[in-house]
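Provided herewith is a single structure, encoded as structure tokens, for subsequent inquiry.
For the numbers below, each heavy atom of this structure counts, side chains included, while hydrogens, waters and symmetry mates do not. Start at 1 with the first residue, then count along the sequence.
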Amino acid sequence: MDAVFEVEGVLVGSHDGTLYAFNQSRPTIAVGQRSQLYPSRPTSPIRISRNSRGPSRSSTPSITSPSPFNVTPRSRIVSGVTTERVEAPKNYVDFEDEPEKLKEMLKGRNPRDKLTTSEPDQNRPTPTDKSPASSLLGPPHSSLKRKSIPKPLISSAQSPSTANSISSASSPPDQVFPGTAHDLSLWCHILPPRSGPGRAVTKVQFLDTTNEYFAALQETGDISIFSLKDGSCLATAHADDIPFQPPSGIKVKDISHDVWLWSYLEIFHIGESTILFVSAAIDPSSPSPATMDIEDNGVLEKSRLAVFEFHANEDLAPLEVRLVKIGSWSFDGSAHSVGLHQEPDSTTTFYLINSAGHFVTRKFKLLPRVPVQMEVRAPDSHLANLSSLPLPNPFKAIKPRSVDHLPLGERANEPGRVSLEEEADLGELIGHGPLSGFRPRTISGRMFAILWNSEELTLFQYQESAFRILYVDPVPNIVDVAWIDDSSYNVLFKEQAVHYAIKLVNSDDNESTAEPGDLDSRNVKSEISKTVSLGQCDAVDIGPMSKILATSLDSSGSRRIVCYDVAGPSEKPRTLWQTSSKRPVINANNVTSLLPLEIDVIIEGYGDGRIRQSSFLELCGKVLNTSTINKVSEPALNGYITGLHVVQNARTKETFIVGGADDGSVAFWTIDHFKLCARWIIFITPLASVIQIQEAQEGPLRGCVLCVSVDGTVAVIAVDGFQFLYLIPGSAAPLCRVCLGGHNLLLIYADHRARLWDVQTKEFWRSMNLDKVDELLEQGGWTDLSLSTQACLPNTALKPVPGSSRGMDVVSTLTLDLARFTSEAIAIAKMISTNRDQTRKILLTLEKLRYLLSALLTPGLNEDIDVICSDRLHIQNSTASVGFASCGAVTLYNGSRPQDPWCISGDVSAARALSITVVLSALSLFEEHMEGANTVTIFYATSLASSVGPWYQPPSLVFLAQRWFDGSNEVRQAARTLFDYAVACLTDEEANAIAEQWQHHLPCLQPTANRECMHAALALFLCGYLASEKYSLLSANALTDISKSIALYLHDEQSLHRVLAVDLCSRGFHIWQHYIDAMEILRALFILATTTRKENISTQNVGTQARLAVLQISTTNTALFMTTLGLDILTPPSLEHRRTVLQIVAFLIRKRPIVLQPNIPKLMEAVVKSLDPNVTTHREAVLDTATEIIGYVVNTFPSVDFHMGTQRLAVGSIEGAVVMYDLKTAIRLYVLDGHKKGITACSFSPDGRRLLTLSLEESVVRVWKVGSSFVSFFNPGAPPRQGHGGSEPFKTISFNVGDEANMGVAATLEWVKFEWVADRSVKLKIRESILTFST
């Protein structure tokens, strides 16, 4: 267990790898003022924590990790049957055991036979002796502890007096332990990406003086960076990631046989770089910790060091929070003795205390970053099909290997970024036994350090490549030491802590006033100032300001966190936090496992050893009718359910549920009635994962499942017939990888060793190192089998939390894929019901949306909204709570007030608001709920600040922008809605601050290689949409850069962010046109809008967005738009481009005819000229599109008409003229100019010899002769003679229809029409009026 103490909060790491955060009683963490800009890591924003229901039987005596969240009991009715048991053989077998021993255990012998033929194993622990995990709220079992004394694993913040602290206004009661009021309350439970047994947190450290980030190290080498603001995970890495060559002068060591315990984490600030040292010692439980090679020179104390660089861009944090491994190597000496020291000349010294007790230094340099080209290897095509390949020979001779094929720990693929100069041995520093700990402190440019072993404590000073020992105190049995200030430190023992002061004395042993530079071994001594009794503690931290934190169980069994003031006057400890009752244990009423089969069928495992059926609605709080009885399994297993999986019988296609219990049993149930088919007690640790051998894989294991326990023991069970076949023993090292190749099963462990088994003969073949494993796998024919706990789970929107932590809040939590859930719900909501089943499905979807909203909404903020939700939307109160996912981690928050979820961080507020908006959008598809859903959406988008209060954290704009990039269409629309509301609420100062912060990251200002990165795209998103709404606030240079960035993405065919540029064009084209070539932007949009190739279709629908942008621009910038269209039709850069533009015209005629109405004459002239018969290739290429356009225009606009027989096209204009075109020759024949006002409609007679033109503004119809004549042959371009002199029409007919003639342009398209009765008789319809004319 590990904890970090800060004045206003505590972080506690537990044995299952999770962390608990406690804070004072204000509802938020005030860290920085840019919360609205902070992004998150990805993920689904929804986490539903399920309250438990309980059956009737008494609880099992087994103990699991309790949780800080409420699990409410609820009784159920059950009944039962019995099945036989199978006793497991000894599980652990060392590699040194002879193969014959393993053969005897497996060769044709069932463990059930062993039970009757051999004596029981007296050393085998009983089920009540085990605990799958331990945490802060319960003491770890002794078998899981590495030491019997309290572990000094708590480190403290170096700068406690800072405003960036955990703070709150009033303390909501802890949900699981209410009642007792203390300084701190439980704030959240953080589940790292990898957690569970064997992944204990060993160290927690703050990364900077502001305490905005902290790092958590797990014993497996996993290191994660978290935000103290909301507990979100920002970056993760592993100490074994990317093997590097050691720095020059460091010898490559063989570490392939050892299991490493990573327990040391230290932070160093070198210039502008933050360096993390992560080191490990050989695990005491390693199978052979004392194994030595000749080259080790008898050294038993070996350690490993991994060096990471932490980078957080202050402008973009935590968007650009990175943890990059830059070096790693092995060394002889204590894992706790390495570090860095900044010399007065600004150089950096790397130091360590080697296994001989000598203080060794080297000059440390951080090399610049060099981009590395990663080699991409094509996957072997044969790996998926084992039947087509020969069986690999595991005894094949091993070929000579080069350095590139060294096993893990020896591999040296590439150099790191750490450079170390020649070693300097400064002499012996400690000579009595191995080093136990080392605590340095820099004072006035010099390093003072305390080191200790099992017998004594030493204080020494290092300066300018030399050290001096100041004093040595014979103090045995030290657990930990921590500096308090420059002249005092605390020493932690098993049950007490002692405060020491460093005194300067003269030769008479009187206190001296000597300067620090005069220190030597004759004038320095230690003096005990105070001793504090701690008692039995599970974890202790000696923090800053002489404070000591301890966590333990009191006499009543209640867990508490206590603070001692070692240097202060008071000796009475202060209780910071305490449970109000005894530590909880698993009982019959607790949910201990969840298995979502589908959204409506969720299997719950309980503490009474039974499984029951539940549903998503029940998880969200729906109370079933008394007549509704869910399925329950019988009989119960002898322990609580620890894991549920799904497998299938390959022959019958039946599906079964596979589960385990904490007594080591494995059981199979039918999926339809929960009938118990078989049960065996196989393991001594609970079931961890299940691997089903696929039907396509040939070999003896076909149709079998591999049940893997926590300790790596593998049980092979045939699904067809439920036959327990045999057991493959585990190892002291964790099982990391399983490979299957024909008759061979390869098990690879964390100590870099592997075992090869023949599953046909049930024989152990050989043990090997990783180099031989690599060669074996390179022969081909092997398939990796996933050890993930989610390998045998259905693919649904609901998933269990990753990892194997058994905390009660963890096992009762599911992750929800919100995008998938809402997409499926919307598809069902849009269905047209044709039968009773479809109606039932639609109503069930409506109920799901309501209950999901009941978990997401926070009633109590506004009475009117609460009334709308309950009375109009029929949303009930929920028992579920909502967490936050980030970078593979999950954070579960504790809070009871409706304001609490909105006072955590901008990311958490944005995630919750986004989830609410997405679900309300789906609910609004139901007509009766549309108005209410829209009202609630507006409230959560605009009115939370006034309802929540001063601690409100507004939604993060960056988080919303990220969801716009990576979300589904529904999520993108909701993100955009919230973003627009948030921008509208910004003051001018806030908008300016955002623009100034991000405008330097615009794509056009980035190197070519970085233009597609996420921060550049986000910069364009934020600055672009801010400019489109508040462009007057931005400078001309900023607007120019934004415009250039839009053009950059728009013209780049390979860009992943073209849709962003298209959308910005739609929103702010009137702004960008002043800074870039507007016509080129329009042409690019034309091309995108008409691109319909399937390979160009994406989730962001660039083509659809481009068409929407074209419609928007054509409405707001009609003049420029039409000019571009006309030029591109008449003088296109290519034939393909002309076809594209004509398609745009056809599209606009269908979608925006009013926009084109004033420009129809120019447009039709351009279309006609595109049919020039003198350019045959062009005419043939555009003929179909042009003909389609003419047909659309004639059918849409009454002012244009076409006569098929004569191939004449008449186009009326708003000036009153009618232009006649001959489509056969693609020329303009003549112009009929007889109206003073605009032409409303025109129409050819059936024989094509008459043309009628109508002007509603003049209330006149004119008749024109337009047939061909002999005279027109000699006078081309002149209109036909009308039978009299001048240019007057053949006939002019006036009419009066009163007010019916008063209509706009849009109305004329629908209400004005000519209908020809005969060649010379026509009807004119104007609304309801019908006029008949003779021509």
Is the centre of the Phe22 ring less than 6.0 Å from the centre of the Trp577 ring? yes
With distance as the sole test, does Ser14 use its side chain to make a donor-acceptor pair with the main-chain N or O of Ala200 at under 3.5 Å? no
Given the rule in the side-chain contact (heavy atoms from CB on, under 4.5 Å) test, do Ser232 and Ser227 qualify, once you have shown the distances and angles that lead to the verdict? CA-CA 5 Å; Ser232 61; Ser227 169; 3.7 Å; yes
Mind checking the OG1-CD spacing from Thr18 to Gln218? Nearest 0.5 Å is all I need.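 Thr18 OG1 to Gln218 CD: 9.0 Å, rounded to 0.5 Å.
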So, applying ring pair (Phe, Tyr, Trp, His ring centres under 6.0 Å) with Tyr462, which one of Phe438, Phe467, Phe448, Phe359 is it? Phe359
Quick test of your reading of the model: are Asp240 and Lys325 salt-bridged, counting only N-O distances below 4.0 Å? no
In sequence, state the C-alpha distance, the side-chain angles, and the governing distance for Phe277 and Trp329, and then conclude on ring-ring contact (aromatic ring centres under 6.0 Å, His included). CA-CA 11 Å; Phe277 272 19; Trp329 62 90; 7.2 Å; no
State, with a plain yes or no, whether a side-chain heavy atom of Val201 is found less than 4.5 Å away from one of Leu217. no
Would you confirm whether Thr579, through its side chain, and Arg559, through its main-chain N or O, come within 3.5 Å as a donor-acceptor pair?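 Here the side-chain-to-backbone pair exists.
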Test item: side-chain donor near acceptor, Lys302 and Ser330, under 3.5 Å: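 No donor-acceptor contact under 3.5 Å links the two side chains.
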Test item: Ser195 side-chain N/O and Gly17 main-chain N/O as donor-acceptor pair under 3.5 Å: no
Decide side chain to side chain donor-acceptor pair (under 3.5 Å) for Thr349 and Glu343; before the verdict, give the C-alpha distance in whole Å, the side-chain angles of both, and the deciding distance to 0.1 Å. CA-CA 7 Å; Thr349 298; Glu343 301 286 358; 2.7 Å; yes
Note, Leu207 side chain near Phe214 side chain (heavy atom, < 4.5 Å):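 Of all side-chain heavy-atom pairs linking Phe214 with Leu207, none is under 4.5 Å.
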Separation between CZ of Phe226 and OG1 of Thr891, rounded to the nearest 0.5 Å: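 That separation rounds to 7.5 Å.
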Criterion side-chain contact (heavy atoms from CB on, under 4.5 Å) on Leu504 and Val524, from CA distance to verdict: CA-CA 5 Å; Leu504 305 181; Val524 180; 3.9 Å; yes
Is it the case that the side chain of Ser454 and the backbone of Asn477 share a donor-acceptor pair, with hydrogens and angles ignored and the cut-off at 3.5 Å?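 Looks like no, no N/O pair under 3.5 Å.
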Would you say the side-chain atoms of Tyr264 pair up with the backbone N or O of Val338, donor to acceptor, closer than 3.5 Å?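 Answer holds: yes.
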Look at the side chain of Asn453 and the backbone N and O of Glu455, then say whether any donor-acceptor pair between them is shorter than 3.5 Å.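 Flag set: sc Asn453 to bb Glu455 pair under 3.5 Å.
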Kindly say whether Ala335 contributes a backbone atom to a donor-acceptor pair with the side chain of Ser279 at under 3.5 angstrom?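 At least one qualifying donor-acceptor pair exists.
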For the pair Trp262 and Val278, evaluate side-chain contact (heavy atoms from CB on, under 4.5 Å) and give the outcome as yes or no after the intermediate values. CA-CA 7 Å; Trp262 297 87; Val278 179; 3.6 Å; yes
Measuring from atom CG of Asn894 to atom NE2 of His189, what distance do you get when rounded to the nearest 0.5 angstrom?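 Between atom CG of Asn894 and atom NE2 of His189 there are 11.5 Å.
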Distance in Å, Tyr471 OH paired with Ser526 OG, rounded so as to fall on 0.5 Å steps: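 Tyr471 OH to Ser526 OG: 4.5 Å, rounded to 0.5 Å.
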Kindly give the heavy-atom pair with the smallest separation between Ile223 and Phe308, and that separation in Å. CG2-CZ, 4.3 Å
Side-chain contact test, heavy atoms from C-beta onward, threshold under 4.5 Å: evaluate it for Leu435 versus Trp452 and give yes or no.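 A side-chain contact is absent here, since even the closest heavy-atom pair is not under 4.5 Å.
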Backbone N/O of Asp565 and side chain of Lys530: donor-acceptor pair under 3.5 Å: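 Yes.
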If I take atom CG from residue Leu323 and atom CD1 from residue Ile225, how far apart are they, to the nearest 0.5 angstrom?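 Here the interatomic distance stands at 4.5 Å.
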Give a yes-or-no answer on whether the side chains of Gln496 and Ser533 include a donor-acceptor pair shorter than 3.5 Å.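 Note: Gln496 and Ser533 side chains miss the donor-acceptor criterion.
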Do Gln205 and Glu266 touch side chain to side chain, with heavy atoms closer than 4.5 Å? yes
Verdict with supporting geometry, Ser355 and Asp332, side chain to side chain donor-acceptor pair (under 3.5 Å): CA-CA 5 Å; Ser355 55; Asp332 297 331; 5.0 Å; no
Does any N or O in the side chain of Gln342 come within less than 3.5 Å of the main-chain N or O of Ser346, such that one atom is a donor and the other an acceptor?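 The answer is yes, because a donor-acceptor pair under 3.5 Å joins these two groups.
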Answer yes or no: is there a donor N or O on one side and an acceptor on the other, between the side chain of Tyr893 and the main chain of Asp230, under 3.5 Å? yes
State the OG1-CZ distance between Thr442 and Phe268, to the nearest 0.5 angstrom.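 CZ of Phe268 is found 9.0 Å from OG1 of Thr442.
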Assess the residue pair Asp222 and Arg194 against the criterion (side-chain contact (heavy atoms from CB on, under 4.5 Å)); give the C-alpha distance rounded to whole Å, side-chain angles, the decisive distance to 0.1 Å, and a yes or no. CA-CA 8 Å; Asp222 295 291; Arg194 289 171 289 275; 2.6 Å; yes
Between the side chains of Asp16 and Arg199, is the shortest nitrogen-to-carboxylate-oxygen separation below 4.0 Å, so that they form an ion pair?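 Looking at Asp16 together with Arg199, the answer is no, because their closest N to O distance does not fall below 4.0 Å.
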